[in-house]
2 protein chains.
Amino acid sequence: MRTLEHPDLSSIQLDAVLAALADPVRRAIVLQLAHGHSDQACIAFDLPVSKSTATHHFRVLREAGIIEQRYSGTAIHNALRRADLDSRFPGLLDAVIAAGLNAV
Amino acid sequence: MRTLEHPDLSSIQLDAVLAALADPVRRAIVLQLAHGHSDQACIAFDLPVSKSTATHHFRVLREAGIIEQRYSGTAIHNALRRADLDSRFPGLLDAVIAAGLNAV
DNA sequence: ATCGTTGTACGATGGTCAACGTACCACCGC
DNA sequence: GCGGTGGTACGTTGACCATCGTACAACGAT
């Protein structure tokens with residue numbers, strides 16, 4: 001089974017998290033995840049970029065510790081690491097999601 | 001009297017705010033401002049960059065709507081736009097400051 | 001075994017941006 | 001006036017990154 005590398009809780013860096021969230025495409029992914037999209041494959045997200053670019057963004061989010069990705073067949077199950085982020089940077093994710101919902 | 005342009009409350013963009021906060025030098029500025037540095041001139045901040053680079057970072061923060069800059073003689077009075085940010089993106093600034101304090 | 005689905009690797013390209021030095025401007029005090 | 005201090009403008013450089021197409025790998029279903 002293929003596995004994907006994730007930073008563990010203690011090595012999630014604020015720098016990486018903020019840099020990841022600074023991109024609108026990645027925020028769109030986070031918003032859709034927060035909105036109940038969590039079982040979908042990457043390809044099911046509504047993103048204005050090509051497949052290879054989407055892969056890149058999912059990877060950045062995963063390596064920043066914002067999402068968890070697990071293979072489920074050929075597809076990938078994506079989930080927000082809400083509890084981890086809330087424990088490490090309390091309020092940050094909620095603030096971004098709330099702000100994003102207003103904006104969109 | 002020289003004046004500096006600031007976005008008004010309604011035109012503060014999440015995109016710009018997150019992009020501004022993604023840089024460690026700019027987060028250092030925000031942290032020092034949140035820590036009571038608010039009356040100092042730009043040059044009084046403890047930053048690991050040259051004067052011209054510091055100017056650049058202060059400008060990015062101002063244009064993102066994160067700080068307010070007002071001339072006071074030749075020097076500039078810097079202040080966090082805490083109330084504006086809290087009203088537009090509740091919790092965001094606090095989360096970044098709290099996370100930054102842990103990290104530093 | 002073969003095909004379609006899903007995602008990745010790779011290389012290229014164009015744009016953005018942080019950093020710097022230098023020259024300069026604006027104001028204050030003397 | 002004239003120097004000094006605080007900030008800015010400008011041009012440059014190097015790095016990083018978002019984007020893409022194409023080719024490919026892994027898996028499921030038939």
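The distance from atom CD of A:Glu63 to atom P of D:dA18 is 12 Å, rounded to the nearest whole Å. Distance B:Ile43 CD1 to D:dT8 C1': 12 Å, rounded to the nearest Å. In this structure, CG of B:Leu4 is placed 17 Å from P of D:dG6, rounded to the nearest angstrom. The CG atom of A:Leu47 sits 14 Å away from the P atom of D:dA18 (whole-angstrom rounding). Counting to the nearest Å, the C1' atom of D:dT19 and the NE2 atom of A:His56 are 9 Å from each other. Following rounding to the nearest Å, B:Lys51 (NZ) and C:dT22 (C1') show an atom-to-atom distance of 11 Å. For B:Phe58 and D:dA9, the CZ to C1' distance is 18 Å, given to the nearest whole Å. If you take CG of A:Asp15 and P of D:dC16, they are 13 Å apart, rounded to a whole angstrom.
A donor-acceptor contact shorter than 3.5 Å links the side chain of B:Arg62 to the backbone of B:Glu5.
Evaluation of atom-type donor-acceptor distances gives a pair under 3.5 Å for the side chain of A:Ser52 against the base of D:dG21.
Nearest-nucleotide mapping onto DNA chain D: of B:Ala44 and A:His57, the residue sitting toward the 5' end is B:Ala44.
In terms of heavy atoms, A:Ile66 sits closest to A:Ala20 at CD1-CB, 3.7 Å. Across every non-hydrogen atom of B:Leu33 and B:Asn78, the tightest pair is CD2-O, 3.7 Å.
When each of A:Glu68, A:Glu63, A:Arg70 is paired with A:His6, the side chain to side chain contact (heavy atoms under 4.5 Å, CB included) condition holds for A:Glu68 and for no other.
Using a 4.0 Å cut-off, some side-chain N or O of B:Thr53 falls inside it from OP1 or OP2 of C:dC20. In terms of phosphate contacts, B:Ser50 brings no side-chain nitrogen or oxygen within less than 4.0 Å of OP1 or OP2 of C:dA19. Contact between the side-chain N/O atoms of B:Arg26 and the OP1/OP2 oxygens of C:dA18 is found at a separation under 4.0 Å.
Of all nucleotides listed (C:dT8, D:dG6, C:dA19), D:dG6 comes nearest to the side chain of B:Ala41. Nearest to the side chain of A:Thr74, among C:dA18, D:dT8, C:dT6, sits C:dT6. Residue B:Arg2 has its side chain nearest to C:dA26 when only C:dA26, C:dT8, D:dA26 are considered.
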- Task: Take B:Ile76 and B:Leu4 through the side-chain contact (heavy atoms from CB on, under 4.5 Å) test and state the conclusion after the steps.
- Result: CA-CA 10 Å; B:Ile76 280 185; B:Leu4 296 164; 3.9 Å; yes

